[in-house]
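For reference, the structure is listed below as structure tokens.
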Amino acid sequence: MENKKENFSEWYNEIITLAELSDKRYPVKGMNVWLPYGWKIMSLIDSIVRKAVDKKNFQEVNFPILIGRSMLEVEFEHIRGFENEIYWVTKGGKENLEEELALRPTSESAMYPMFSLWVRSHADLPLKIYQIVSVYRYETKHTRSFIRIREIHFFEAHTAHATYEDAEAQMDQYKEIWREISSQLCLPYFYDQRPDWDKFPGAKYTIAFDTVLPSGRSLQIGTIHQYGTNFSKNYDIKYLKEDGSFDYVHQTTYGMSERLLAAIIGIHGDDKGLVLPPDVAPIQVIIIPIPGSGVLEYARDVENTLSTINIRVKVDDRENYTPGYKFNDWEMRGVPLRIEVGEREVKNRTLTLSMRNIPGKVTIERSKVIYEVPDALIRIREKMMDDAQKVFRDHVFRASKLEDFTNEGLITAFWCGSKECSDRIESETEKSALGFMVGSNETGKCVVCGKEGRLAVFSKSY
RNA sequence: GGGGCCGUGGGGUAGCUUGGUAUCCUACGGGCUUUGGGAGCCUGAGACUCCGGUUCAAAUCCGGACGGCCCCA
């Protein structure tokens, strides 16, 4: 196994193959074959997301993958932001299509013509929907599993509101949703308001959730966008107000992808392999029987008990592998909690527990398993969050001048907000502006030009 | 966008300079045996990315396609 700190890129690739998350041999560039274990983790991430947004009254929908050229090509900056990375379907069988069809790169242009039909009056607002689907982007930069791919597993929420204030309140609610999701995935982050030249095409403004991987490069793991009326004016989404007049709706979106999985792999993994947050572990508890009389029955009994309290548990009863092999195997796959049972445990009515991210083994009484196991899973999650926060803090550096931009990681510094100063920083340090740090009111002199600026975050990003 | 490196069983590789029999590790099937931190022995199956060229003969040399990796903008 590669060394994670020294050789992050190689380590990352290797663990994806070893843990059987995806099969990289598919012969079309940028396409990911999800293997059962990887897909299960992603599905668990999706269900956490679903639960969090459902609670806020979002409704799940599913739009078509194909978008007519005329729907996409409403004349404004949205399409120009994507035109270089759209896959086009130009033929049906042997015939050229009368209107070419795009594989959605994101779904605004698919959804908003329908929004225009759905929204009649203020009583239809707010409209809050989401979908979890594949979107397609013809990436020209080199692809990387779960980080830069051409078929993206995409969560996208879209809303429409009567007023800008309502849309702003939605932006705050997104942050509340993200706080819940990120704590279950144990992911630390900054909120950065993207510079105008880097915001989502068509948006009024974009706030990104940025984290950092052990390579020192930042990874955008989520974005929320305020559209104002930019899209509703182009897609004609109007509603009848109480006073009888018409007005355009104000819109927002929220996007995330399998980069969440990339962040989990990169941030929590170690030189033994994956470390999965209990909430997304396909197997939360693995029971390893050490062969002996009565052991297997004892193990299965514990498995049944844990199943009844909805723990994802499995007995590894493979006969052709030694316990030592199984220990290493499941640690590599990131299973949070292991229970060892042998004749010793059977005789004493005990269980031996080993937590993936906490050294040592502890012995508990068999009769207390339904309390001890959930408790251990909580401790594992808390430790993961603490460790991740610590590493994140260790990768954030404060700079007061350009010469301080030397560290591998996120740099915080004052910046006037101009493109010229950001370009200068990029050419001299390879790091570019992720944007102003949201939530900070600190002001000071721009590290480049010396004009009045605000606290911003810089990094080399994926 | 520009430049460089590379494609050999499922994975990792040797062989390529100097053309002729394809190496090892691992994983996989069968058998015996073992099992409290990656056991051992026996045995079996499995590969030169594709298309074209040179040649008596191509994994090896030449051209192209496809795919992968890295660096710079």
Which is it for A/Y12 and A/S145 under the side-chain hydrogen bond (donor to acceptor under 3.5 Å, both in side chains) test, yes or no, and what are the steps along the way?
CA-CA 9 Å; A/Y12 180 79; A/S145 300; 6.0 Å; no
Who does B/A57 pair with, Watson-Crick or G-U, both distances under 3.5 Å?
none
Between A/R194 and A/D210, does at least one N-O distance fall below 4.0 Å, as a salt bridge requires?
yes
Taking side chain as C-beta onward, heavy atoms only, is A/E428 less than 4.5 Å from A/R424?
yes
Distance check, C1' atoms only: B/A22 and B/C62, in whole angstrom units.
23 Å
Would you say the base of B/G12 and the side-chain of A/E14 have a donor-acceptor pair closer than 3.5 Å?
no
Could you tell me the separation between the NZ atom of A/K24 and the P atom of B/G12, rounded to a whole number of Å?
9 Å
Can you tell me, in whole Å, how much space there is between the P of B/G12 and that of B/C69?
12 Å
Look at the side chain of A/K272 against the base of B/G38 and say whether a donor-acceptor pair falls under 3.5 Å; ignore hydrogens and angles.
no
Against the six-membered ring of A/F154, is A/R137 placed for a cation-pi contact (under 6.0 Å from the centre, within 45° of the normal)?
yes
Taking the same atom, P, in B/C48 and in B/C5, what whole-Å distance lies between them?
26 Å
C1' spacing across the pair B/A45 / B/G3, given as an integer number of angstrom
44 Å
Contact nearer the 5' end of RNA chain B, comparing A/S9 with A/R344:
A/R344
Would you measure the distance from the P atom in B/C50 across to the matching atom in B/U8 and give it in whole Å?
11 Å
Would you mind reading off the distance between A/D23 atom CG and B/G67 atom C1', rounded to a whole angstrom?
14 Å
In the strands shown, is B/C41 matched to any nucleotide by a Watson-Crick or G-U wobble pair with both distances under 3.5 Å, and which?
B/G31
Using heavy-atom distances to pick each residue's nearest nucleotide on RNA chain B, tell me which of A/K460 and A/E345 is more 5'.
A/E345
Using purine N1 to pyrimidine N3 plus N6-O4 or O6-N4 for Watson-Crick, or N1-O2 and O6-N3 for G-U wobble, both under 3.5 Å, which nucleotide pairs with B/C66?
B/G7
Donor-acceptor side-chain pairing of A/T253 and A/H158 below 3.5 angstrom:
no
Please determine if A/D375 and A/R379 form a salt bridge, counting it only when a charged side-chain N lies under 4.0 Å from a carboxylate O.
yes
Should A/H142 be listed as having a side-chain N or O under 4.0 Å from OP1 or OP2 of B/C70?
yes
Would you say the base of B/G37 and the side-chain of A/R338 have a donor-acceptor pair closer than 3.5 Å?
yes
Ranking B/A39, B/G68, B/G10 by distance to the side chain of A/Y325, first place goes to B/A39
According to the Watson-Crick and G-U wobble definitions, with both distances under 3.5 Å, which nucleotide is paired to B/G1?
B/C72
Nearest-Å distance, CZ (A/R318) to C1' (B/A39)?
15 Å
Give a yes/no on whether any side-chain N or O of A/T322 is located under 4.0 angstrom from OP1 or OP2 of B/G38.
no
Taking atom C1' in both B/U34 and B/A39, what distance in whole Å separates the two?
6 Å
What's the gap between B/G20 and B/A58 when it is taken at their P atoms, as a whole Å value?
11 Å
I want to verify a distance call: between B/G38, B/G36, B/C70, whose nearest atom is closest to the A/E340 side chain?
B/G36
On a whole-Å scale, what distance lies between the C1' atoms belonging to B/G9 and B/C71?
32 Å
Give the rounded distance in Å between these two atoms: CD of A/E139 and P of B/C69.
14 Å
Any A/K29 side-chain N or O less than 4.0 Å from OP1/OP2 of B/C66
no
